[in-house]
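Below, chains carry the letters A, B, ... as their sequence lines are ordered, and counting in each starts from 1.
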Amino acid sequence: MAAAVAAVAAATTAEDEARLLRLEEQAEHGGGGAWDYLCLARRLRARRPAHVLRVGLALLNNASARSGLASEQWTLYEQVATAAMDCQRLDVAKDCIGVLSKQFPGSTRVARLEALLFEAKSEWAEAERAYTQILEINPFDQIVHKRKIAIAKAQGNMSLAIGYLNKYLELFMADHDAWRELAETYVSLQMYKQAAFCYEELILSQPTIPLYHIAYAEVLYTMGGLENLQTAKKYYASTIQLTGGKNTRALFGVCLCTSAINQLTKGRNKEEEGSELQRLAAEVLLNNYKQQAPSKAPLISSLLKNMKLS
Amino acid sequence: MAEDLVLDTAIRDWVLIPLSVVMVLIGVLRYFVSKLMRSPATSPSPDPKLVKEGQVVIRARNLRTNAQFIPAKAFKARKVYYTNEENGLLHVPKEDAQKAQAAMFSDPNMAMDMMKKNLSMIVPQTLTFAWVNFFFSGFVAAKIPFPLTQRFRGMLQNGIDLSTVDVSYVSSRSWYFLNLFGLRGLFSLILGEENATDDAQKMMQMGGGFGFNPTMSLGAEKDSLDIMQHDWALPKMERHAEDVLKQLLKK
């Protein structure tokens with residue numbers, strides 16, 4: 001049932017993306033459908049700033065088309081402003097935000113755009129101040145919290161980013177995107193124990209996503225130690241099971257874990273020797289290379305021999 | 001079988017249709033009145049404590065439902081973090097729970113809102129019922145085009161004390177009640193999903209007192225976690241992975 005739902009969702013997404021490309025081409029060549037394209041880009045959250053900017057500006061500069069949008073024109077201004085900042089067309093962004101702030105004085109949404117403009121100009125202190133003001137009014141504005149984290153990361157201040165992420169997760173504990181961001185930040189700082197905790201949270205919230213299993217396995221493998229290696233091997237195995245054996249990284253992981261465990265136990269671990277998993281993983285890995293990259297197959301073969309797995 | 005009754009078309013024109021129209025108009029009017037009476041929210045942002053508690057419950061539920069996917073050590077650490085008696089996230093001291101309830105009952109704004117809601121519901125209902133009772137009581141207003149069992153008599157023939165009349169005939173007073181509870185779908189179309197005219201729902205809520213206590217869900221989640229045993233699923237995954245790889249090699 002779940003697989004069917006996922007398949008339908010994937011098909012719908014693919015269909016929407018194809019339609020987006022079709023509308024994009026149509027709008028670019030003046031064939032109409034500009035507003036439909038912009039609406040679809042917004043709905044799919046597609047990040048295509050150059051196209052959105054071109055099409056959006058053409059609409060905004062056409063007075064009759066703009067007035068035809070009625071109240072929707074303000075959404076267009078917002079969309080064009082964001083795209084302009086993405087393309088470093090700060091003059092356009094400034095104009096759009098100016099129009100919006102005139103229309104909606106004191107709006108949090110416009111204040112957010114103004115802070116985003118400071119970010120685009122790399123005026124970090126100003127942006128930080130603007131975001132702090134928004135949070136004073138509404139401490140539950142998730143987007144603003146995330147922007148503050150982004151500012152810290154953009155400045156390369158990872159410890160501050162971690163501080164902000166932890167603060168954010170105190171409020172919104174169930175946000176898995178934040179847990180993932182925190183995990184990746186910890187990994188980048190080689191704080192593997194903390195990263196492992198974050199990946200555990202991710203596995204708890206979405207246990208069927210193989211990406212989290214493999215990331216957790218890799219963190220455990222990096223930490224080392226017999227217990228961690230044995231656990232890592234199990235998570236590589238679960239990734240194999242969840243991906244139907246199609247994940248090369250997981251197959252390698254099983255081989256590496258087995259090799260490391262054998263080195264640590266020096267053949268004392270009878271249970272590991274009895275396991276057939278590593279032999280099968282090595283065989284599938286070799287087959288994959290023979291089919292998809294025959295030139296590298298001998299290299300893999302010798303690598304696996306060195307690991308005493310083939 | 002009782003003989004068919006012939007209903008005057010004037011009943012349709014002067015009872016059936018006006019009654020339905022009046023009920024719809026009163027519903028719409030009541031929606032706007034209750035909207036005007038509703039006190040503006042004192043703060044646009046929700047209570048931080050409530051938000052945090054809601055998030056804790058979600059996270060604890062995730063732990064409870066998917067605990068088999070993390071190692072025993074990780075599960076134990078989390079279990080302690082949530083349920084320990086000193087500062088566990090799910091632990092609510094008894095006095096805190098009582099305080100929360102007392103605060104709810106002593107909040108004058110909440111009491112006022114409740115009174116306003118009840119007023120906007122009871123007053124128009126009383127008036128319309130009195131109006132229906134005075135002008136349209138004691139006669140048949142419509143016929144349902146399919147047969148019904150005797151159990152429906154009480155519901156459809158309110159105000160008519162004749163056992164000989166076929167059950168599918170609806171009295172005017174019953175027509176009022178059918179409209180009262182049956183126009184919910186129409187109101188959600190006219191006024192949107194979040195309309196203030198859902199009487200059936202309101203009547204249910206009236207019995208519930210001052211809403212739900214957020215600390216209760218924390219306690220329930222804590223109890224569930226306390227009795228939970230950890231059974232790690234990953235060792236089985238190795239065997240499943242072997243089966244998957246064997247299948248791949250067979251192809």
Side-chain angles (χ1 to χ4, degrees), chain A residues 108 135-141 169-176 179 196-197 199-208 212-213 216-217 220 227-228 230-246 250-251 254 275-288, chain B residues 41-82 89-90 218 221 225 228 230-251:
Chain A
T108 309
L135 286 177
E136 276 168 17
I137 301 161
N138 178 15
F140 293 97
D141 194 327
L169 282 165
E170 272 176 31
L171 272 180
F172 306 102
M173 295 179 186
D175 185 342
H176 18 262
W179 280 111
F197 180 88
Y199 281 122
E200 283 163 7
E201 281 298 327
L202 285 165
I203 289 167
L204 284 171
S205 63
Q206 292 170 307
T208 54
Y212 301 151
H213 287 252
Y216 184 49
L220 290 172
E227 194 184 338
N228 284 336
Q230 285 169 340
T231 308
K233 188 183 169 191
K234 285 178 174 63
Y235 279 94
Y236 279 125
S238 77
T239 307
I240 289 170
Q241 198 245 328
L242 289 167
T243 57
K246 299 275 194 302
L251 295 168
V254 166
S275 172
E276 209 184 351
L277 181 62
Q278 58 270 32
R279 184 187 62 76
L280 290 165
E283 212 174 316
V284 170
L285 201 52
L286 206 51
N287 280 1
N288 286 354
Chain B
T42 44
S43 63
S45 59
D47 177 16
K49 192 169 178 282
L50 286 181
V51 172
K52 201 170 177 182
E53 279 179 2
Q55 295 278 314
V56 168
V57 168
I58 293 169
R59 200 172 154 200
R61 199 169 292 148
N62 284 342
L63 175 64
R64 192 162 47 82
T65 50
N66 300 319
Q68 70 271 27
F69 292 102
I70 60 168
K73 201 192 283 182
F75 172 74
K76 277 176 196 148
R78 279 170 173 78
K79 191 174 175 178
V80 170
Y81 176 58
Y82 286 121
L89 282 185
L90 294 173
L218 288 180
E221 209 57 54
L225 259 181
M228 196 188 157
H230 183 258
D231 177 28
W232 198 22
L234 269 288
K236 295 170 203 159
M237 289 276 199
E238 286 198 59
R239 286 193 291 281
H240 293 317
E242 282 176 23
D243 296 338
V244 166
L245 294 178
K246 278 175 190 167
Q247 287 292 322
L248 263 181
L249 289 168
K250 271 181 196 170
K251 282 178 188 173

>> Less than 4.5 Å apart, side chain to side chain, heavy atoms only: is that true for B/Arg64 and B/Met228?
In response: yes
> Which bit of A/Tyr199 is near chain B, if near means a heavy-atom gap under 4.5 Å: side chain, backbone, both or neither?
Replying inline: neither
> How about A/Thr231 and B/Trp232: do any of their side-chain heavy atoms sit closer than 4.5 Å?
Replying inline: yes
>> For the interface with chain B, which of A/Ile203, A/Leu242, A/Ile240 has the highest count of heavy-atom pairs at distances below 4.5 Å?
In response: A/Ile240
> Taking only heavy atoms into account, what residues of residues 66-75 of chain B are found under 4.5 Å from chain A?
Replying inline: B/Asn66, B/Ala67, B/Phe69, B/Ile70, B/Pro71, B/Lys73, B/Ala74
> At a heavy-atom separation under 4.5 Å, does A/Tyr236 approach chain B through its side chain, its backbone, both, or neither?
Replying inline: neither
> Are B/Leu245 and A/Leu251 close enough that some pair of their side-chain heavy atoms sits under 4.5 Å apart?
Replying inline: yes
>> Let's go through A/Lys246 and A/Asn288 carefully: what are the C-alpha distance in whole Å and the side-chain angles of both, what is the deciding distance for side-chain contact (heavy atoms from CB on, under 4.5 Å) to 0.1 Å, and is it a yes or a no?
In response: CA-CA 9 Å; A/Lys246 299 275 194 302; A/Asn288 286 354; over 6 Å; no
>> Run the side-chain contact (heavy atoms from CB on, under 4.5 Å) test on B/Lys79 and B/His230 for me, step by step, so that the C-alpha distance in whole Å, both residues' side-chain angles and the decisive distance to 0.1 Å come before the verdict.
In response: CA-CA 10 Å; B/Lys79 191 174 175 178; B/His230 183 258; over 6 Å; no
> Do A/Met173 and B/Ile58 come close enough that some side-chain heavy atom pair is under 4.5 Å?
Replying inline: no
> What option among A/Leu171, A/Leu204, A/Asp141 has the most heavy-atom pairs under 4.5 Å with chain B?
Replying inline: A/Leu204
>> Can you confirm whether B/Arg59 sits close enough to A/Trp179 that some side-chain heavy atom of one is under 4.5 Å from a side-chain heavy atom of the other?
In response: yes
> Between A/His213, A/Glu283, A/Glu201, which has the largest tally of heavy atom pairs under 4.5 Å with chain B?
Replying inline: A/Glu201
> Roughly how far, to the nearest 0.5 Å, is CG of A/Leu220 from CD of A/Glu200?
Replying inline: 7.5 Å
>> Quick check on A/Ala281 against chain B: is it the side chain, the backbone, both or neither that has a heavy atom closer than 4.5 Å?
In response: both
